[in-house]
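Here is how names work: the chains are called A, B, and so on, in the same order as the sequence lines, proteins then strands, and each is numbered from 1.
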Amino acid sequence: MAYWLMKSEPDVYSIGDLERDRTELWDGVRNYQARNFLTSMALGDQAFFYHSNTKPPGIVGLVEIVETNVVDPTQFDSTHKYYDPKSFPDKPRWHTVTVGYVETFARGITLDQLKEAFTPDELWVVRRGNRLSVMPVEDTIAQKLLKMAYTTE
DNA sequence: GCCAACGTTGGC
DNA sequence: GCCAACGTTGGC
């Protein structure tokens, strides 16, 4: 089982929204590197849910991959924000996954804490200028993150 | 194929 | 709201 980190702006879609919805199609990723990570996800993989563009940014919960290799339907919808006129149903460009809610951490891990605990090579989200919205997390790093999340002060 | 212009992300 | 970082686009 592999671990990942997936970013979302809470104003757009938060861990609370996922808790309510239980599962959600992770649509709208339009970056090839992020897409490649999405397509290499397997059923049962888990991902740290990261709130970006908020105060404070950081990891807020855990999700799991419940459906893999889903064609992102928004790419064909000309009225949609994520419409891609260069993508066609017989040869879609954008595949993604469906995520399922696992838990919201009682105490989130802020970006400041992540920067204290990990180097940019260990955890890409602490890299300066990093804009990738989906990234892998090494198992040893994931275990440390889980330990941090479950440690109440 | 280069690279300037442009748009977006996301921390601060 | 600002702006650095960086991916994409399009003219040449």
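Residue order along DNA chain B, read from the 5' end via each residue's closest nucleotide, puts A/Lys81 first among A/Lys55 and A/Lys81. Along DNA chain C, the nucleotide closest to A/Asn53 and the one closest to A/Arg131 are compared, and the more 5′ of them pairs with A/Asn53.
Salt bridge present: A/Arg20 and A/Asp17 bring a charged side-chain N and a carboxylate O closer than 4.0 Å. Residues A/Arg93 and A/Asp84 are paired through a salt bridge, judged by an N-O separation under 4.0 Å between the basic side chain and the carboxylate.
For the segment residues 111-126 of chain A, the set of residues with a heavy atom within less than 4.0 Å of an atom of DNA chain B comprises A/Leu111, A/Lys115, in numerical order.
In terms of heavy atoms, A/Gln75 sits closest to A/Ser87 at OE1-OG, 2.7 Å.
Rounded to a whole Å, the CG atom of A/Asn31 is 10 Å from the P atom of B/dG10.
Nearest nucleotide to the side chain of A/Tyr32, out of C/dT9, C/dT8, B/dG11: C/dT8. Candidate nucleotides C/dA4, C/dT9, B/dG11 were compared by shortest atom distance to the side chain of A/Arg128, and C/dA4 ranks first.
When heavy atoms are screened at a 4.0 angstrom cut-off, A/Lys7 is found touching the sugar-phosphate backbone but no base atom.
Note on ring orientation: taking the six-membered ring where Trp is involved, the planes of A/Phe37 and A/Trp4 are tilted (angle from 30° to 60°). Taking the six-membered ring where the residue is Trp, A/Phe105 and A/Tyr150 present perpendicular rings, their angle passing 60° and hence far from 30°.
With rounding to the nearest 0.5 angstrom, the CG atom of A/Leu18 is 7.5 Å from the CH2 atom of A/Trp26.
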